[in-house]
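A quick write-up on the structure given underneath.
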Amino acid sequence: MTPDDDSFEKIARELCRELRLRHIRSLLLGLSGGADSVLTFHLLRRVAEINPDFHFGVAHANFNLRGDESMRDQNFVAALLNAFPSAAKCWTRSFDTERFCAENHLSTEMGARRLRHEWFDEIVAREAYDRIATGHNADDNEETLLMNLLRGAGTSGLRGMQRDNQRVFRPILRLTRDEVRRMAAKFSFRHPDFPEPIAYITDSSNLTDDYRRNFLRHKVIPLLEERWQGTHTALQTTLQLMTEESAIVERAVGTIIARHTDALPNEEILNFASPLTLIYRWTLPYGGTPSRAAEIARAIARRRFGARWILSDPSGECHEFVVTTSALRRKRIDAQPDSAPHPITGDYPPPTAPQHFIKGSPDYDSIIASLRSTPLSEVILPGVPADYEWRHPEAGQRMRISTKATKLISDILKENGIPVAMRPRIWMLCSRTSGHPVWIPGIRRAADSLIQGSEPRIFRLTLQPLRSASGHSDQSAE
């Protein structure tokens with residue numbers, strides 16, 4: 001494709017005008033070699049030709065996760081820059097991603113994301129770029145909407161990715177994936193590793209269902225399209241509505257949050273139209289999640305004074321939130337578990353109280369009838385306590401969350417606001433024979449240890465409150 005192509009030229013000139021209006025004179029593009037980032041590269045090349053005051057650079061991260069393909073991608077990016085000479089600077093870095101994820105108890109997805117973000121931020125700060133540019137498209141945004149919906153996000157999550165969030169600018173966010181591929185395909189060039197001219201490369205990991213986003217992309221969304229022909233239009237409409245509604249919510253919540261930095265009065269919370277929304281927005285900068293905000297809202301409504309949570313913000317700092325008689329209070333704390341007690345961390349397993357039930361007894365039938373109402377601070381398991389043992393998480397360890405799916409323990413802990421420094425010391429109850437985790441107290445039970453009602457013997461474990469040296473339960477009020 002040449003610069004005089006109508007569709008490409010129109011998009012490039014509109015992008016040039018938009019960058020001027022936003023006072024963006026420079027961008028650092030994350031260039032993977034896929035169609036999205038390649039088209040973004042060509043658009044920015046054209047913008048630089050139209051506007052001499054604009055310049056951009058590219059950065060390619062080699063995560064070494066796909067064997068020879070990882071080096072193929074790196075070589076392709078180098079060949080692309082040689083085939084289309086420009087004033088763009090290029091940075092390439094190779095990461096030992098697997099080692100980094102193991103040392104930091106992160107999933108592969110989260111570890112690679114952190115490495116990429118930290119490196120891009122380093123280049124932006126050093127080279128004084130105005131923004132990071134990414135190749136996210138409209139389909140990516142729909143997937144983000146669905147992922148956030150399944151996590152239980154509020155309006156800020158359901159608005160998806162923003163075109164410009166003051167840190168990241170997304171030039172092709174309004175283009176569909178098919179439009180991107182058709183447009184990028186016309187920039188083909190000769191590459192020594194391929195028999196035919198090539199425009200972009202495809203990451204084989206994007207063709208599998210191993211990751212949650214890919215599962216939505218290859219399984220869920222196609223099924224939705226079969227049933228609802230207007231799926232993409234509906235999702236895009238939702239994204240636009242949520243963006244506008246989120247702005248309204250932020251304005252309403254912002255006036256309250258601005259007045260209360262370290263303590264949010266219970267009266268303000270209970271009188272607000274949506275206490276859950278207010279708590280979520282107030283805790284969000286410190287690692288708050290919708291599910292955690294819901295827990296806090298319930299604790300305030302039920303006057304559970306002394307209830308506390310420890311959250312970790314994006315920089316890794318820990319914050320303790322405590323419900324007192326007058327307010328929800330926040331304070332920054334040391335990340336060490338010893339100085340920030342948590343009911344499921346420490347040098348010893350959490351205290352539990354086992355109760356035994358034998359099939360045929362009234363107690364057995366009663367406990368079977370109440371299975372659905374069992375709180376996460378309790379677990380009912382087949383067999384006897386000797387069949388299980390307390391262990392800490394291991395790198396890459398997973399828990400079964402349904403009959404067909406498992407989830408990384410590290411992801412489960414992150415989603416529940418457990419700080420990175422605490423995750424290696426979380427206690428899990430595991431099967432003594434298989435080693436599989438069956439219960440993370442207060443957080444999750446495994447799906448492969450469910451009671452069927454035919455077991456000859458079952459038992460219940462209940463998490464007991466921590467007690468101070470004086471012997472009193474650690475539930476202090478203001």
Side-chain angles (χ1 to χ4, degrees), residues 1-16 19 25-95 116 119-120 123-124 127 129 131-137 140 169-172 175-207:
M1 180 178 289
T2 58
D4 60 353
D5 180 272
D6 289 343
S7 58
F8 176 81
E9 184 69 8
K10 179 180 178 181
I11 294 171
R13 290 192 174 277
E14 288 176 351
L15 176 59
C16 187
L19 292 174
R25 296 184 177 181
S26 60
L27 291 168
L28 174 69
L29 170 65
L31 183 58
S32 66
D36 301 321
S37 64
V38 165
L39 178 61
T40 306
F41 168 78
H42 291 302
L43 284 170
L44 296 182
R45 278 199 314 114
R46 181 60 183 141
V47 169
E49 292 173 354
I50 299 171
N51 179 11
D53 292 333
F54 173 81
H55 69 279
F56 73 104
V58 300
H60 176 77
N62 183 345
F63 296 111
N64 293 292
L65 293 172
R66 293 178 288 110
D68 293 340
E69 271 196 16
S70 293
M71 186 52 65
R72 178 208 65 177
D73 295 356
Q74 183 174 322
N75 292 337
F76 174 84
V77 169
L80 176 67
L81 292 172
N82 288 332
F84 298 94
S86 68
K89 293 183 179 180
C90 180
W91 289 268
T92 300
R93 180 172 291 184
S94 179
F95 296 98
R116 180 175 64 250
W119 181 46
F120 284 7
I123 298 174
V124 167
E127 302 294 327
Y129 286 108
R131 303 277 200 286
I132 295 169
T134 66
H136 292 114
N137 59 49
D140 293 327
F169 181 73
R170 300 176 172 91
I172 62 171
L175 298 178
T176 68
R177 186 171 290 126
D178 287 342
E179 290 172 333
V180 169
R181 289 172 178 169
R182 285 197 300 269
M183 199 172 293
K186 297 187 179 182
F187 283 96
S188 62
F189 65 98
R190 288 286 178 181
H191 188 291
D193 292 341
F194 297 89
E196 299 294 333
I198 185 171
Y200 58 87
I201 54 177
T202 301
D203 179 347
S204 64
S205 66
N206 286 332
L207 303 179

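Computed from a predicted model, the values in this text were never measured in an experiment.
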Euclidean distance, [Y] [atom2] relative to [X] [atom1], rounded to 0.5 Å:
{"X": "F169", "Y": "I132", "atom1": "CZ", "atom2": "CD1", "result": "13.5 Å"}
{"X": "T40", "Y": "L27", "atom1": "OG1", "atom2": "CG", "result": "10.0 Å"}
{"X": "E196", "Y": "R190", "atom1": "CD", "atom2": "CZ", "result": "6.0 Å"}
{"X": "L43", "Y": "F56", "atom1": "CG", "atom2": "CZ", "result": "10.0 Å"}
{"X": "T176", "Y": "R181", "atom1": "OG1", "atom2": "CZ", "result": "9.5 Å"}
{"X": "D73", "Y": "H60", "atom1": "CG", "atom2": "NE2", "result": "5.5 Å"}

Mind checking what makes ring-ring contact (aromatic ring centres under 6.0 Å, His included) contact with Y200, not counting sequence neighbours?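 Applying ring-ring contact (aromatic ring centres under 6.0 Å, His included) to Y200 gives none.
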H42: partners by ring-ring contact (aromatic ring centres under 6.0 Å, His included), with sequence neighbours left out: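 Here the qualifying residues are F84, F187.
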Got [X] and [Y] here, is their nearest side-chain heavy-atom distance under 4.5 Å?
{"X": "T92", "Y": "Q74", "result": "yes"}
{"X": "F63", "Y": "R116", "result": "yes"}
{"X": "I172", "Y": "M183", "result": "no"}
{"X": "L31", "Y": "L80", "result": "yes"}

If you count heavy atoms of other groups shown closer than 6.0 angstrom to CG of N82, is the number above 12?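 Buried by this count: over 12 neighbours within 6.0 Å.
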Check the surroundings of atom CZ in R177: do more than 12 heavy atoms from other residues, nucleotides or ligands lie under 6.0 Å from it?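 Check passes, neighbour count above 12.
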Determine whether a donor-acceptor pair (N or O, by modelled atom type, separation under 3.5 Å) exists between the side chain of D140 and the backbone of N137.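 Yes, because the side chain of D140 sits within donor-acceptor range (under 3.5 Å) of the backbone of N137.
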In chain order, what residues pass the side-chain contact (heavy atoms from CB on, under 4.5 Å) check against [X], with sequence neighbours excluded?
{"X": "S26", "answer": "H55, Y129, D130"}
{"X": "A199", "answer": "S188"}
{"X": "R170", "answer": "T134, H136, M161, N165, V168, L173"}

Nearest heavy atoms of [X] and [Y], plus distance in Å:
{"X": "S32", "Y": "I201", "result": "O-CD1, 4.3 Å"}
{"X": "V47", "Y": "F54", "result": "CG1-CD2, 3.6 Å"}
{"X": "F95", "Y": "A61", "result": "CE1-CB, 3.9 Å"}
{"X": "L29", "Y": "S37", "result": "CD2-O, 3.8 Å"}
{"X": "V38", "Y": "G33", "result": "CG2-O, 3.5 Å"}
{"X": "V124", "Y": "R131", "result": "CG2-O, 4.5 Å"}

Under 3.5 Å, is there a donor-acceptor pair linking the side chains of S94 and N64?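 Side-chain D/A pair, S94 to N64: present.
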Determine, step by step, whether K186 and F8 satisfy the side-chain contact (heavy atoms from CB on, under 4.5 Å) criterion, reporting the C-alpha distance in whole Å, the side-chain angles of both residues, the deciding distance to 0.1 Å, and the verdict. CA-CA 10 Å; K186 297 187 179 182; F8 176 81; over 6 Å; no
List for me each residue that meets side-chain hydrogen bond (donor to acceptor under 3.5 Å, both in side chains) alongside S70, sequence neighbours excluded, and say none if there are none.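 None.
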